[in-house]
Amino acid sequence: MQDTILKIENISKFYPGVTALSNVSFEVNAGEVRGLCGENGAGKSTLIKCVMGVERPDKGRILMNYNGEWVENTSAMKAQSHGVYANYQNVNISPELSIAENYYLGRQPKGRSGRIDWKKMYRDSQKIIDQFDMNVNPRQKISSLPIAMQAMVTISKISVSDDLKIVIFDEPTALLENEKVETLYKFIKELKRKGVSVIYISHRLEEIMDVCDTVTILKDGTYIDTKAIENVTKDSLIKMMVGRELSDIYNIKKRKSGDELLRIENFSDSFNFKNINFSLHAGEIIGFAGLVGSGRSEIMRALCGVEKRLTGDTYIRGEKVRIKNPSSALEHGIGFLTEDRRMDGLALILPIKINVNMNSYNRISKSGIISLKKESERAKKYSSDVNVKTPSIMQLAGNLSGGNQQKVVIAKLLCRDPDILIFDEPTVGVDVGAKEEIYKIMEKLIANGKGIILISSYLPEVMGLSDRLFVMAQGTIKAEFNLNDTKKISEEDVLKKASDEC
Ligand SMILES: Nc1ncnc2c1ncn2[C@@H]1O[C@H](COP(=O)(O)OP(=O)(O)OP(=O)(O)O)[C@@H](O)[C@H]1O
């Protein structure tokens, strides 16, 4: 029988107006890879914060077996000293330091003189970089790396710690390139082989099925069940999480596309993309697939005036326009949900109400006076359209779960009612029920004659929803597939084009 490493006993955690966890109990064994599933707001992050000693439970206790002794991690420091490591997105790295400095922060190798041994630090960092197939220089600053590579640095940084007992991954693949997922799986197997326990949180249920031995399901802050992975299917997991069965979530009603809304001609910049041409019609979803770094997001950023381009023209409804910055993009009816939510202007210290209306106060003000009635009505409408789970629109955005913050950003975009919507990785961190809701929103938008540009690294999503799919590699469009054709294309066809080097 395997040793128990973690005992979660009757944990409850309350926030004003919210029961985040209610009487949750379960155990995790040494060397076990345990999936943790639940809808947005189910309590996963709160539970992890309690395990990490970052939050104290209001009731119950969490015990950990540290070299044969039962200990409580009453602070983050204690958890760390007991070998508990949590890989949250983007929080474990300092953007202004180099990769090597991040790896060895607080534990730099010292030479005989007591000074930092930089040579050794870079040499050892290079070994980690090679182990994780990262192809970067250890001297590179984190802020100069694409988000996907930053995510890989946070993951590879775990391997620097030697006395690991429990490693927690919170949505580790949300920002990773497809091929790096395999590298992560290999690392998790290695941890397991060393007897380290892994808690793996993901909304991508395929991953839970691929990598976990067992899975625990939470719903609305309560414990539902723990199952061996061979005893569950994706559908049975969804049923336990959502409380109902979901049919084919990508099966949205398509439209015959209408007039041209947007045309891009000869877009090039100095580095990220060249000679890009495409058009978008009313009632249409066009998808962009490709490896992270293939230039998809950069094109959209250039289109919205966030970044410069060298050549290229933009036509809206056949008329040439100049878009200088994101607010002029909005004026021209282009709304952009960027992949980088932290940069997306979600004001964490402000309530949902203000966040949702943020881009559209001019639409509800007269002579500089805001209609507070409209402000509330619109916040309620759009946040309930995307099903933000919250006791009130006065809740601060910072107090929402990650997925619900994401939905507030989408509500903010919809509130402005743009005709052309660019969704860059819209369902990262969003639970399966909410994904279905977001797809239904897309269905409604195209039914109302809007056009959608969808960028997604998740092939089932971008292939399942788009009418036409552009596959990018190395800054150019390598292929365009009409997905409404009777001839079916496979994920393999897309991946082949996406890794086209020439
Ligand atoms: N500091 C806080 N103040 C108020 N409410 C909070 C706070 N932290 C979390 N909550 C609430 O507790 C509930 C559980 O949130 P938690 O972040 O644990 O969910 P989650 O399962 O991790 O969701 P997601 O999948 O969206 O990340 C949510 O309703 C959330 O809004």
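We count ligands from 1, going down the list as the structure has it; atoms in each ligand are counted the same way. Note that the structure is predicted; figures quoted are calculated from it, not measured.
- Between Gln405 and ligand 1 there is no heavy-atom distance shorter than 4.0 Å.
- Residue contact check: Ser401 has heavy atoms under 4.0 Å from atoms 15 (O), 16 (P), 17 (O), 19 (O), 23 (O), 24 (P), 26 (O), 30 (C), 31 (O) of ligand 1.
- A side-chain donor-acceptor contact under 3.5 Å links Thr216 and Arg34.
- Within ligand 1, the atoms closer than 4.0 Å to a non-hydrogen atom of Asn40 are 23 (O), 24 (P), 25 (O), 26 (O), numbered from 1 in the order shown.
- More than 12 heavy atoms of other shown residues, nucleotides or ligands fall within 6.0 angstrom of atom CG in Asn67.
- No heavy atom of Gly38 sits closer than 4.0 Å to any atom of ligand 1.
- With 3.5 Å as the limit, one finds a donor-acceptor pair spanning the side chains of Asp163 and Tyr66.
- In this structure, a donor-acceptor pair under 3.5 Å is present between the side chains of Tyr458 and Glu206.
- The nearest protein atom to atom 25 (O) of ligand 1, hydrogens excluded, is given as Lys44 NZ, 2.7 Å; this is a heavy-atom distance.
- Atoms of ligand 1 lying under 4.0 Å from any heavy atom of Ala42, numbered from 1 in the order shown and given with element: 19 (O), 20 (P), 21 (O).
- Nearest protein neighbour of atom 27 (O) of ligand 1, counting heavy atoms only, is Gly402 N, 3.5 Å.
- Donor-acceptor pairing under 3.5 Å is lacking for the side chains of Ser159 and Tyr103.
- Ligand 1 has no N or O atom lying under 3.5 Å from any N or O atom of Glu55, backbone or side chain.
- When only modelled atom types and interatomic distance are considered, Asn40 and Ser401 share no side-chain donor-acceptor pair under 3.5 Å.
- Backbone and side-chain nitrogen or oxygen atoms of Ala20 are examined, and none is located within less than 3.5 angstrom of a nitrogen or oxygen of ligand 1.
- At least one heavy atom of Glu39 sits closer than 4.0 Å to an atom of ligand 1.
- Remark: side-chain polar atoms of Arg296 are paired, donor with acceptor, to backbone N or O of Gly290 under 3.5 angstrom.
- The shortest heavy-atom contact between Cys415 and Asn357 is SG-OD1, 3.9 Å.
- Of the N or O atoms in Thr46, one or more lie within a sub-3.5 Å distance of an N or O in ligand 1.
- Side-chain contact annotation: Glu207 with Tyr185, donor-acceptor N/O pair under 3.5 Å absent.
- Within the 4.5 Å cutoff, the side chain of Lys141 has heavy atoms near those of the Glu96 side chain.
- The residue among Asn399, Leu218, Asp220 with a heavy atom at the shortest distance from atom 10 (N) of ligand 1 is Asn399.
- Not one N or O of Lys49 is nearer than 3.5 Å to an N or O of ligand 1, by distance alone.
- The protein heavy atom nearest to atom 23 (O) of ligand 1 is Gly41 N, 2.8 Å.
- Of all protein heavy atoms, the one lying nearest to atom 22 (O) of ligand 1 is Ser45 OG, 2.6 Å.
- Given atom 4 (C) of ligand 1, the protein heavy atom at minimum distance is Tyr15 CB, 3.3 Å.
- Interatomic distance, NZ of Lys13 versus NZ of Lys49, reported as 9.5 Å (0.5 Å rounding).
- Using a 4.0 Å heavy-atom cutoff, Val18 is listed among the residues neighbouring ligand 1.
- Counting the atoms of ligand 1 from 1 in the order shown, those under 4.0 Å from a heavy atom of His203 are 25 (O).
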